[in-house]
Amino acid sequence: MKRRKFIQKSALAVSGSMLIPGFLKALEINQLNKSFGEGKKLVIIQWSGGNDGLNTVVPFNNDLYYKNRPRLALAKNEVLALTNELGLNPVMSGLKQIFDQGYLSIINNVGYPNPDRSHFRSLDIWHTASESDEYLNTGWLGRYLDAQCVGGCQTAHQALEVDDTLSLALKGEQIKGLALQNAQKLYKLTQESHIQSLSNMKVQEEDSEVSYLYKTLAETVSSADYIYDKSKTYKSKLTYPTTPFARQLQTIAELINAGLDTRVYYASMSGFDTHVNQKPQQDRLLKIYSDAIAVFIKDLKENGKLDDTMILTFSEFGRRVAQNASGGTDHGTANNVFVINGKLKKAGIYNELPNLSDLDEGDLKYTVDFRKIYATLLEKQLSVNSQTILHKKFDLLNFI
């Protein structure tokens with residue numbers, strides 16, 4: 001089959017469908033019987049926009065917190081106390097339950113050297129695990145896929161993002177994760193006759209571009225069939241909140257509990273850029289997260305999957321310590337991250353509190369490089385050499 005004819009047929013096959021550009025989201029796979037999907041799972045949750053960490057994990061006994069935020073600070077009697085010094089935003093009762101059960105570790109002051117306050121650039125840095133002055137076109141999880149699939153993998157869904165687009169974090173040089181919102185919808189789309197006929201066509205091997213498109217299409221069809229079949233074996237009996245984010249977590253829980261041969265899952269929330277009138281906006285988002293994550297953890301726990309599943313929640317940066325004149329906060333630097341698992345070595349507050357008396361031009365100073373967290377997850381959860389993926393050796397943390 002020639003390139004022009006293949007591309008014409010491909011365009012007709014996907015025109016107007018949610019698969020655009022779905023074929024290119026699939027992994028490039030050789031037809032070898034190799035898989036690394038068995039074992040422990042990693043779930044990444046991204047808060048896009050730069051969440052205000054100080055009004056999420058609140059230093060309610062620090063006078064400087066109230067001095068810097070005379071109108072924005074949360075009252076001591078409202079905060080859900082975790083220790084004598086720190087407490088959660090009052091809308092996060094679900095996360096408080098997870099903390100009380102010993103399943104949550106809060107890592108403070110997470111960032112990187114020479115921080116960038118641009119949403120796009122800082123997200124790129126978190127996605128690629130690069131230096132602040134280094135530009136990479138592959139993500140840290142994409143490079144994990146590349147390293148694990150040398151010589152080929154059996155399936156095209158070693159990493160799944162529950163969304164309609166694929167984040168840079170899951171894009172490797174040779175292999176990429178697969179993005180989908182709904183297993184049944186993806187399956188139905190790939191069962192359409194024109195897509196099936198394309199996936200069964202033969203192409204000339206010397207035409208590498210067409211061969212690549214052909215293989216990714218065929219693997220998308222194959223993965224859609226596998227994911228759909230596995231997804232039918234488990235449907236959650238719990239009632240999740242009726243929010244898009246909760247639906248993402250329900251999808252992930254159902255796939256994990258169904259025994260899907262996948263190691264990495266990715267989900268995200270947006271809207272955390274709270275320059276103006278922050279409190280109602282952030283409260284709404286934190287409640288959505290907290291209510292959904294509580295059911296998600298219960299779902300995994302009741303099915304015996306929580307001990308083998310590690311959940312990391314991060315945002316690309318925090319906010320400035322002082323409130324602004326618009327009832328919000330502006331872009332900052334260091335922030336807290338959440339790690340959730342059924343067998344944490346160090347649950348609770350992992351490290352020292354933010355130092356509000358020693359700031360960097362009004363911003364928190366980072367003490368934990370986020371790549372140490374990545375290295376720990378790669379080594380201890382995914383069982384790979386982190387230096388190969390991160391291109392540098394980072395000390396491991398002790399939360400696992």
Side-chain angles (χ1 to χ4, degrees), residues 42-58 74 88-89 91-92 94-96 98-99 104-112 115-129 139-141 161-163 165-170 241 243-249 252 264-297 310-320 328-340 350 354 363-364 366 368 370 373-374 377:
L42 175 63
V43 179
I44 306 293
I45 299 173
Q46 174 183 307
W47 285 352
S48 300
N51 177 55
D52 179 18
L54 287 177
N55 271 25
T56 303
V57 183
V58 185
L74 300 175
L88 288 174
N89 186 298
V91 303
M92 305 186 79
L95 191 66
K96 173 66 160 56
I98 296 171
F99 183 92
L104 171 63
S105 183
I106 299 173
I107 307 177
N108 296 306
N109 312 313
V110 179
Y112 54 88
D116 195 301
R117 292 177 179 82
S118 160
H119 292 295
F120 302 105
R121 178 58 190 147
S122 192
L123 264 181
D124 278 354
I125 291 169
W126 275 82
H127 282 172
T128 63
W140 70 287
L141 293 170
E161 181 161 6
V162 185
D163 204 341
T165 58
L166 193 69
S167 298
L168 175 58
L170 280 77
T243 61
F245 176 68
R247 285 194 291 273
Q248 289 183 66
L249 293 191
I252 293 173
V264 178
Y265 296 86
Y266 208 95
S268 61
M269 293 177 63
S270 60
F272 287 93
D273 195 16
T274 51
H275 291 279
V276 179
N277 197 22
Q278 172 177 298
K279 190 176 188 308
Q281 181 178 346
Q282 188 191 32
D283 285 359
R284 178 181 61 83
L285 293 170
L286 293 181
K287 180 173 174 55
I288 288 172
Y289 170 84
S290 178
D291 290 352
I293 200 76
V295 183
F296 179 64
I297 296 305
M310 187 71 59
I311 301 108
L312 170 70
T313 301
F314 79 95
S315 196
E316 70 264 33
F317 47 62
R319 317 296 291 190
R320 294 181 71 79
T329 52
D330 297 324
H331 299 178
T333 54
N335 206 354
N336 43 55
V337 305
F338 299 150
V339 179
I340 302 175
Y350 182 82
D363 286 321
L364 298 175
Y366 90 97
V368 177
F370 75 94
I373 299 174
Y374 285 0
L377 294 173

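Aromatic ring pairs are classed by plane angle as parallel below 30°, tilted from 30° to 60° and perpendicular above 60°; the pair F370 and W126 is parallel.
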Query raised in the report: Step by step, would you call D163 with Y266 a side chain to side chain contact (heavy atoms under 4.5 Å, CB included)?
Result: CA-CA 8 Å; D163 204 341; Y266 208 95; over 6 Å; no

**Report entry** side chain to side chain contact (heavy atoms under 4.5 Å, CB included) between L42 and M310, intermediate numbers included
**Finding:** CA-CA 5 Å; L42 175 63; M310 187 71 59; 4.2 Å; yes

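Residues passing the side chain to side chain contact (heavy atoms under 4.5 Å, CB included) test with V162, sequence neighbours excluded: Q248, T251, I252. Residues passing the side chain to side chain contact (heavy atoms under 4.5 Å, CB included) test with P241 are T243, A246, D291, V295, sequence neighbours excluded. D116 pairs by the side chain to side chain donor-acceptor pair (under 3.5 Å) definition with nothing, not counting sequence neighbours. Here Y350 pairs with nothing under the side chain to side chain donor-acceptor pair (under 3.5 Å) rule; sequence neighbours left out. Here S48 pairs with Q46 under the side chain to side chain donor-acceptor pair (under 3.5 Å) rule; sequence neighbours left out. Residues passing the ring pair (Phe, Tyr, Trp, His ring centres under 6.0 Å) test with H127, sequence neighbours excluded: none. Contacts of D283 classified as side chain to side chain donor-acceptor pair (under 3.5 Å), with partners at least two apart in sequence or in another chain: N89, K279. Remark: H119 engages F317, H331 in a ring pair (Phe, Tyr, Trp, His ring centres under 6.0 Å) (not counting sequence neighbours). Applying the ring pair (Phe, Tyr, Trp, His ring centres under 6.0 Å) rule to Y366 yields no partners; only residues at least two apart in sequence or on another chain are considered. Under the rule for a ring pair (Phe, Tyr, Trp, His ring centres under 6.0 Å), F99 has no partner lying at least two apart in sequence or in another chain.
Pairs passing the salt bridge (Lys or Arg N to Asp or Glu O under 4.0 Å) check and including a residue from residues 117-129, sequence neighbours excluded, read R117-D363.
Side chain of S315 to main chain of W47: a donor-acceptor pair is present (N/O by atom type, distance under 3.5 Å, no hydrogens or angles). With hydrogens and angles ignored, the 3.5 Å screen pairs no side-chain donor or acceptor of T313 with any backbone N or O of F338.
Among the candidates D330, D52, D273, the single residue satisfying the salt bridge (Lys or Arg N to Asp or Glu O under 4.0 Å) test with R319 is D273.
By the 6.0 Å contact criterion, NZ on K96 is enclosed, its count of non-hydrogen atoms from other residues, nucleotides or ligands being greater than 12.
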